[in-house]
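Since the structure comes first, as structure tokens, the remarks are kept for the end.
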Amino acid sequence: MNSVAEIRERLPLIELLDRNGNVSQRWIAERMGIALTRVNRLIRDLVREGMLKVEDEDARPFAYRLTPSGRTYRRQLKHTHDHSVVGSFRQVQRRIHRSLADVAGEGVRRVAFYGAGEIMEVAYPLATEVGLHVVTVVDDDPARHGRRTDGVLVEAPVHLRSQVPDAIVITSFRHAEEILRRIEADGEARIVEL
């Protein structure tokens, strides 16, 4: 089993080298946002382990190539990474589903979503699945206003009152505190944090 640190450092390096074989370690360090000494150590370890080979060591920058073992290793790292991401996504999805089902179980039917990003995209079909009707989606970002998301028009927060939702579901993790403060001041609808 590959560790999180191994995946975080080695997978981007291996993929970078596979796409751009003749590159300097300094260029790699800048692209990856890590120290040059760390890049040197990672490459040295991968060469020692037989995952990478250096072609024409007299040329600069070196030409790094994945070995057949390196290609297999890259697939293993990608699989482990992707499996972890999908597992995490499913956990978040189940948690959101439980929260929305609880709200629906309390008799709430009409909800407004506050936040038109990725969390809203996950929550919208789950809300429909548990019997909630999303009456509006609002967002503070004017660039999102007027856009349709799952058939619902994204509007400015000022439109919340006119829709008269039973509850406002905060569908933003990053801005949840800020949104919560803003809508608590109105105090008209129940607030649900996912």
Side-chain angles (χ1 to χ4, degrees), residues 1-102 113-127 129 139-141 143-144 149-150 169-180 192-194:
M1 186 60 120
N2 307 105
S3 73
V4 173
E6 182 179 7
I7 293 168
R8 187 180 307 125
E9 286 185 326
R10 287 184 167 204
L11 182 57
L13 174 64
I14 288 172
E15 289 182 332
L16 198 63
L17 290 174
D18 197 34
R19 286 189 309 269
N20 310 282
N22 292 60
V23 292
S24 71
Q25 290 184 8
R26 183 171 309 284
W27 182 85
I28 295 167
E30 289 170 2
R31 287 284 197 164
M32 291 182 61
I34 62 176
L36 179 59
T37 55
R38 185 70 188 139
V39 170
N40 181 276
R41 191 172 309 122
L42 287 167
I43 289 174
R44 188 177 56 229
D45 290 347
L46 288 167
V47 169
R48 183 179 43 75
E49 294 167 16
M51 307 297 175
L52 266 182
K53 64 181 177 178
V54 180
E55 293 180 355
D56 193 7
E57 292 188 29
D58 295 327
R60 295 288 189 267
F62 289 150
Y64 299 103
R65 301 288 179 251
L66 286 178
T67 64
S69 296
R71 291 190 185 289
T72 300
Y73 180 62
R74 180 186 66 194
R75 279 191 297 278
Q76 289 170 345
L77 290 176
K78 284 177 72 167
H79 172 76
T80 302
H81 173 264
D82 294 349
H83 182 72
S84 172
V85 168
V86 169
S88 295
F89 172 76
R90 287 189 177 140
Q91 283 180 336
V92 169
Q93 193 177 37
R94 281 191 297 272
R95 187 174 50 76
I96 290 171
H97 187 272
R98 273 193 308 272
S99 294
L100 293 173
D102 289 348
F113 280 177
Y114 201 125
E118 294 166 340
I119 302 306
M120 188 281 306
E121 291 172 6
V122 172
Y124 190 91
L126 298 174
E129 186 178 305
D139 199 281
D140 292 320
D141 182 357
R144 293 181 185 219
T149 302
D150 289 322
V169 180
I170 299 174
T171 51
S172 171
F173 292 158
R174 186 180 316 148
H175 303 290
E177 292 254 346
E178 180 182 326
I179 293 168
L180 184 60
V192 177
E193 291 185 76
L194 294 180

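Note: R75 CZ to I14 CD1 = 11.5 Å, rounded to the nearest 0.5 Å. Expressed to the nearest 0.5 Å, how far OG of S69 lies from CZ of R74 amounts to 13.0 Å. The OH atom of Y114 lies 13.5 Å from the CD atom of E193; values are rounded to the nearest 0.5 Å. L42 CG to L17 CG: the interatomic distance, rounded to the nearest 0.5 Å, is 10.0 Å. In this structure, OG on S88 lies 9.5 Å from NE2 on H83, to the nearest 0.5 angstrom. Separating the NE2 atom in H175 from the CG atom in D141 is a distance of 8.5 Å, to the nearest 0.5 Å.
Considering only heavy atoms from C-beta on, V92 stays 4.5 Å or farther from L194 through its side chain. Contact of the D18 side chain with the R71 side chain is registered, since non-hydrogen atoms from C-beta on lie closer than 4.5 Å. Side-chain contact between Y64 and V54: present, with at least one pair of heavy atoms (C-beta onward) separated by less than 4.5 Å. Side-chain contact between R38 and M32 is absent, with no heavy-atom pair separated by less than 4.5 Å. Between Y124 and T171 the shortest side-chain heavy-atom distance does not fall below 4.5 Å.
Using a 4.0 Å cut-off between charged side-chain N and carboxylate O, E49 and R10 make a salt bridge.
Residue E178 qualifies as enclosed at atom CD: its count of foreign heavy atoms under 6.0 Å is above 12. A 6.0 Å sphere centred on CZ of R174 holds no more than 12 heavy atoms belonging to other residues, nucleotides or ligands. Around the NE2 atom of H97, the shell of radius 6.0 Å holds more than 12 heavy atoms that belong to other residues, nucleotides or ligands. Counting non-hydrogen atoms of neighbouring residues, nucleotides and ligands closer than 6.0 angstrom, the CD atom of E129 exceeds 12 such neighbours. Under a cut-off of 6.0 angstrom, the local environment of CZ in R95 is crowded, with over 12 non-hydrogen atoms contributed by other residues, nucleotides or ligands.
Y73 pairs with exactly one of L52, L46, T67, L66 by the side-chain contact (heavy atoms from CB on, under 4.5 Å) rule, that one being L46.
Side-chain atoms of T80 come within 3.5 Å of backbone N or O of Q76 as a donor-acceptor pair. Using modelled atom types, one side-chain atom of R144 and one backbone atom of A116 make a donor-acceptor pair closer than 3.5 Å. Within the 3.5 Å criterion, the main-chain N or O of L16 finds a donor-acceptor partner in the side chain of N20.
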I'd like to know whether F113 forms a side-chain contact (heavy atoms from CB on, under 4.5 Å) with I119, so could you lay out the CA-CA distance, the side-chain angles of the two residues, the decisive distance to 0.1 Å, and finally the verdict. CA-CA 10 Å; F113 280 177; I119 302 306; over 6 Å; no
